[in-house]
There are 2 protein chains.
Amino acid sequence: MTSITPNANLYPASAMSSGSGVAASVAGASPTFSPLYQQIKSLITQSLQSGEWKPGELIPSEMELASRFKVSQGTVRKAIDELSAENLVVRRQGKGTFVATHHEARAQFRFLRLAPDEGVPHYPENRIIEVRRLRAPAEVARLLEIKSGDSVVFIRRVQSFSGVPTILDDLWLPGSIFKGLTAERLNEYKGPMYGLFETEFGTHMIRASEQIRAICADETVAQLLQIEKGTPLLNVERVSFTYGDKPVELRRGLYLTSQHHYRNELS
Amino acid sequence: MTSITPNANLYPASAMSSGSGVAASVAGASPTFSPLYQQIKSLITQSLQSGEWKPGELIPSEMELASRFKVSQGTVRKAIDELSAENLVVRRQGKGTFVATHHEARAQFRFLRLAPDEGVPHYPENRIIEVRRLRAPAEVARLLEIKSGDSVVFIRRVQSFSGVPTILDDLWLPGSIFKGLTAERLNEYKGPMYGLFETEFGTHMIRASEQIRAICADETVAQLLQIEKGTPLLNVERVSFTYGDKPVELRRGLYLTSQHHYRNELS
DNA sequence: AAGTGGTCTAGACCACTAT
DNA sequence: TAGTGGTCTAGACCACTTT
């Protein structure tokens, strides 16, 4: 460990519009080098995380941020470029840059990968089977990075396409975040559940990690999806993350794929 | 249709290092506006497609391309930024920019999404079951964008992890491209099949589109994977594309997911 | 020492949206 | 008309690799 401030050395005052820019002030906190635009990106992310700018809202213009952080517009631009590529913000020419929200057409199918074999994708109907509070089992706690036995909200629901039951979802949510979540509120709400999580609980999902397996429907599942016991199903285990890569949802989906498929682009 | 050259108007000579730049020459061919860096990107892609620079090779430096195309280095840079994000090229600081190749550690798992539930991912062993020439069935022809009845190469293989048969792949390849592909050559070759396709047949895969379903193993499949008939399997249908978004591979993989899972990042 | 990609700045103009 | 993001240029310096 050394006490020098690497960024101040790497990007001397002559290369900056001001001697007391972000690089110098941030460098002290982090002895490992990172480019200016990454530091700006990190600062903007912190503002998103803290709720300074909420989903759907307009963030300050590039010029404004540039002057706030004492860097050039190009540097702010590169930071926002990456945030935009990661779907944290959305740019609109002539209007400004907005915090990404799940209340938008473009976000609807980002986390819904099941598409009909024929016809255009559309959003399924929702039926809540049960909502329960329980103590987190070890495996659930591990994936949500909470303590075993902590309060979690358990949700079971069935999603249908054109009246055909197709998805059986089991969800586990940290009780500390999703206080007061009831079946009534879930049933009242139309549209993607992530929209409700965002608006009602201030928790915006930014990414998710899935593991997919093939299984056969057991008795219980078969009944809920109105299919034969033993029918092959996709078993999709998902962990979703909010700002700061904090896991805030564990979900196990069982997908009936006789009329639908899970779509994926490898690139 | 108008005969004006939009780019020449939008980006007059004063904004360019030369009056006879790319914008002017390309604009005539395409009446719809596109930014300079997109045109540069398209020109570079054409060179990749034509084989001027082959997978693994070094492409000209940014400065060199800038002077060739009569644009600034920053514009070339932005074009290469996108090509890099699309995995068409790979940048290496201090060395240069290289054409992406499947003969590389970082490319190995881009198209192999099956990972062990425990332990680190590794590459499976390969066993070719059969290689055959046949006339393309209608469905195969449609997806490969060739004529029904055209020659296709059919390959069946089994991939094993640590000796355990796990993947049964059926492949259909356009006969016009994959001339002289035999079981011997496939068996001799170690490593990912896309490496062989690239080196031996000059066909580099740049992206793929997959549809995933759950099915049950039938008699034939069960025997090949040494599992019980009726075992649930992932059915992964893939269409792979080379430069110019030309489909050149149709693949149906059956994945045994009792010890493995298909991993996917939603972002 | 020379060459490459990576970062940063400053300034110009274009395209789009709102007022 | 003003303000926003989008494009393009020119020049500087840094980090990394090779000669």
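First the proteins, then the strands, lettered A, B, ... as listed; each starts at 1. As the structure is a prediction and not an experimental result, all values here were calculated from the model.
For Phe161(B) and His122(B), the ring centers sit closer than 6.0 Å to each other.
Under 4.0 angstrom from either OP1 or OP2 of dT7(C) there lies no side-chain N or O belonging to Thr75(A).
Judged purely by distance below 3.5 Å, without hydrogens or angles, the side chains of Ser50(A) and Tyr243(A) never pair a donor atom with an acceptor atom. Looking at Glu198(B) and Thr203(B), their side chains never bring a donor and an acceptor atom within 3.5 Å of each other.
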For this session: Kindly indicate, with the supporting measurements, whether the criterion ring-ring contact (aromatic ring centres under 6.0 Å, His included) is fulfilled by His102(A) and Phe111(A).
Result: CA-CA 10 Å; His102(A) 290 284; Phe111(A) 292 89; 5.7 Å; yes

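Using a 4.0 Å cut-off between charged side-chain N and carboxylate O, Arg68(B) and Glu62(B) make no salt bridge.
Here dT4(D) presents its P atom at 12 Å from CZ of Phe98(A), a figure rounded to the nearest Å. If you measure from atom OH of Tyr37(B) to atom P of dC14(C), you get 18 Å, rounded to the nearest angstrom. In this entry the distance linking NZ of Lys70(A) with C1' of dC8(C) reads 17 Å, nearest Å. What separates NZ of Lys41(A) from C1' of dT7(C) is a distance of 15 Å, to the nearest Å. Taking atom CG of residue Leu36(B) and atom C1' of nucleotide dC14(C), one finds them 12 Å apart after rounding to whole Å. Whole-Å rounding puts the Leu58(A) CG to dA18(C) P distance at 11 Å.
Sequence neighbours left out, the pairs with a member in residues 106-116 of chain B that pass side chain to side chain donor-acceptor pair (under 3.5 Å) are Arg113(B)-Asn264(B).
Listed here is the closest heavy atom pair of Asn126(A) and Gly191(A): ND2-O, 4.5 Å.
For the pair Arg91(A) and Phe98(A), the cation-pi criterion (under 6.0 Å, within 45° of the ring axis) is not fulfilled.
Of all the residues in residues 46-54 of chain A, not one reaches under 4.0 Å from DNA chain C with any non-hydrogen atom.
The side chain of Lys78(A) lies closest to dT7(C), out of dT7(C), dT9(C), dC8(D).
Note: Phe201(A) and Phe178(A) have tilted aromatic rings, judged against thresholds of 30 and 60 degrees for the angle between ring planes.
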Between the protein and nucleotides 1-5 of chain C, are there any N/O to N/O pairs under 3.5 Å, and if so, what are the atom names and distances?
unit_1 : atom_1 : unit_2   : atom_2 : d
dG3(C) : N2     : Gly94(B) : O      : 3.0
dT4(C) : O2     : Gly94(B) : N      : 3.3
dG5(C) : OP1    : Thr97(B) : OG1    : 3.4
dG5(C) : OP2    : Glu62(B) : N      : 3.0
dG5(C) : N2     : Gln93(B) : NE2    : 3.0

